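Written below as structure tokens is the structure these notes are about.
Numbers restart at 1 for each chain; the letters A, B, ... are given by sequence-line order, proteins then strands. All values derive from a computational prediction rather than experimental measurement. Quick note: numbers below take in every heavy atom, side chains included, and nothing from hydrogens, waters or symmetry partners.
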Amino acid sequence: MSTYALVDCNNFFASCERVFNPKLENKPIVVLSNNDGCVVARSNEAKLLGIPMGAPYYQWQTLCERQGVHVFSSNYELYGDMSQRVMMSLERFSENMEIYSIDEAFLLFDEPNEKQLTWLATHIRQSVKKWTGLPISIGLASTKTLAKVANHIAKKQIEEGVFSFKHQGLQDAKLAQLPVEEVWGIGRKLSKRLNQLGICTAKELRDRDPSEMRLQFNVVMEKIVNELRGISCLPMEALQPRQQIISSRSFGRVVTTLADLEEAVSHYIAKACVRLREQKSVAAEIYVYIHTSLFNDTSTPYCNGNTVRFALPTADTSLIMQEAKKCLATLYKPGYRYKKAGIILRDLSSDTKTQQDMFATNTKRSAALMETVDLINNRDGRNSVFFCAEGIARNWQMKCGKQSPRYTTNWRELVEARC
DNA sequence: TCTGGGGTCCTAGGACCC
DNA sequence: TCTGGGGTCCTAGGACCC
């Protein structure tokens, strides 16, 4: 029987900051979301101070200052690059790997001997630490859901950071300790419903009849129960092109003019289109939306969005910008204090399917232009060339005053070593 | 003053068809 | 007044994940 290993980087964003700044070792660190809004990552030391995940930063700022917490704006360029390094390291150990998120991957092993597996996992952990500087934890089990649980235990209870769930007796005890809301796929709403049925732990969920649970909930719940029983229902999945691409940001300050909104939306489109072309797709439509603050703002709330379909599926940034601009004009109402705008590229398909249109001169020229823009930006750094429509002053841009250098992706921000 | 962003999957319900 | 049944496709919204 195969074994799933879930590899998860410990406190990923906080650990990335630490790799290039050893003074942060054993110090509390928090990393903030875009616009320095919420806490999205904490080192163990910061967790011990009681700073919760997802908390609005302004509520914890005083405590952070008083306790000497090192606070960072998020630096996705750095985290994305570090993630790639971890994944490349992991690839060496299994041919069957699924990158699940920026800091997690499943590996599948056929090795039946549990001791061998645990040894291998320990070896992987040491290697990744050596090659990337990042600490990871590994959970081993016969299903993905159980591997998640095992990883949770490895991280919290096991100093060596590796835990195997192959032993049945151990499973009973550990699942009985685990609150049901900690199970992968059980969120706030579902755990509340489960609690009402008297199901409070992972073990109690596991011991329910799967088909009964399907009737009461849905097919997803049935799979979760089976997975907890060691029956694998969630296979390894190949990397698929995304079905939609979202680009949105809260503004650094309130925006009131159409011109500023146009700049912001154009900028989001430029970023989304880079990702669209990276995965060799074209989009058939774009959804554009704007809204005022969602939180206790005394001014009148307003939110609106609309979809535009293109004449032909496209990955041409300027063409999409033009369409979005027309759409935005219909959404915009003067007099409101806008806080956020966003776009979603939808109905994506492979760009090779639209090749018959390549005979059109316009399409050919646009593809060549986009290719050149991407080439220059890949070679010389992001935003080396950009569309005028994205604006230059960009006074709507988000706050990120506490950002660390992009140590690994920008020549001007390399680590300095001093004797 | 200050509350993130980017994804996926499932289901219910409506429209439409025979 | 009476007014089937089954299928498909699409979309909005909900729930979840990191």
Sugar-phosphate only, base, or nothing, as touched by A/Asp103 at under 4.0 Å among non-hydrogen atoms: sugar-phosphate

Per A/Arg188 side chain, nearest of listed nucleotides B/dG6, B/dT8, C/dC16: C/dC16

Flag for A/Asp8-A/Ser137: side-chain donor and acceptor within less than 3.5 Å: no

When the side chains of residues 172-183 of chain A are checked against the rest of the protein, which donor-acceptor pairs come out under 3.5 Å, sequence neighbours left out?
unit_1   : atom_1 : unit_2   : atom_2 : d
A/Asp172 : OD1    : A/Arg206 : NH1    : 2.8
A/Asp172 : OD1    : A/Arg206 : NH2    : 3.1
A/Lys174 : NZ     : A/Gln157 : OE1    : 2.7
A/Glu182 : OE1    : A/His152 : NE2    : 3.1

Under 3.5 Å donor-acceptor, A/Glu204 side chain and A/Cys200 backbone: yes

Using a cut-off of under 3.5 Å, enumerate the N/O to N/O pairs linking the protein to nucleotides 10-14 of chain C.
none

A/Leu32 CG - B/dG5 P separation (whole Å): 13 Å

Donor-acceptor contact below 3.5 Å, side chain A/Glu285 vs main chain A/Asp347: no

Earlier contact from the 5' end, DNA chain B, for A/Val220 and A/Lys340: A/Lys340

Min side-chain heavy-atom separation A/Leu197-A/Phe217 under 4.5 Å: yes

Proximity to the side chain of A/Ser247 - top-ranked nucleotide from B/dG6, B/dG4, C/dC17: B/dG6

Closest nucleotide among B/dG4, B/dG6, B/dT8 to the A/Val40 side chain: B/dG4

Rounded distance (Å) that lies between atom P of B/dG6 and atom CD1 of A/Ile343: 9 Å

For atom CZ of A/Arg253 and atom C1' of B/dT3, their distance in whole Å: 19 Å

Touch class at under 4.0 angstrom, heavy-atom based, for A/Ile245 against every strand present: sugar-phosphate

Sugar-phosphate, base or nothing in reach of A/Val39, heavy atoms under 4.0 Å: nothing

Whole-Å distance separating the CZ atom of A/Phe217 from the C1' atom of C/dC16: 14 Å

Gap between atoms CE and P, on A/Met398 and B/dG5 respectively (whole Å): 8 Å

Candidate nucleotides B/dG4, B/dG7, C/dC18, ranked by approach to the side chain of A/Ile246 - the nearest: B/dG7

Which nucleotide in B/dG7, C/dC18, B/dG5 has an atom nearest any side-chain atom of A/Ser248: B/dG5

Between A/Asn304 and A/Tyr302, a side-chain donor and acceptor under 3.5 Å: yes

Separation between the P atoms of B/dT3 and C/dC18, rounded to whole Å: 25 Å

Contact under 4.0 Å: A/Lys339 side-chain N or O vs B/dT3 OP1/OP2: yes

Rounded interatomic separation in angstrom, taking NZ from A/Lys148 and P from C/dC16: 15 Å

Whether A/Asn378 side chain and A/Asp374 backbone form a donor-acceptor pair below 3.5 Å: yes

Nucleotide B/dG4, atom P - distance to OH of A/Tyr58 in whole Å: 10 Å

Side chain of A/Arg249 (C-beta onward), nearest among C/dC18, C/dA15, B/dG6: B/dG6

Separation of atom OH in A/Tyr100 from atom P in B/dG7, rounded to whole Å: 14 Å

Base partner of B/dG13, which must satisfy Watson-Crick or wobble distances under 3.5 Å: C/dC10

Among C/dC18, B/dG7, B/dT3, the nucleotide that comes nearest once only the side chain of A/Phe295 is considered: B/dT3

Close side-chain approach of A/Arg18 to A/Ser43, heavy-atom, < 4.5 Å: yes

Out of B/dT8, C/dC18, B/dG5, whichever nucleotide has its closest atom nearest the side chain of A/Gln243: B/dT8

N or O in side chain of A/Ser250 less than 4.0 angstrom from B/dG5 OP1/OP2: yes

Validation row: A/Cys64, A/Tyr57 side chains within 4.5 angstrom (heavy atoms): yes

Sugar-phosphate, base or nothing in reach of A/Asn218, heavy atoms under 4.0 Å: sugar-phosphate

Most 5' of A/Arg242 and A/Gln61 on DNA chain B, judged by nearest nucleotide: A/Gln61

Nearest to side-chain heavy atoms of A/Lys399, which nucleotide of B/dC2, B/dT8, B/dG5: B/dC2

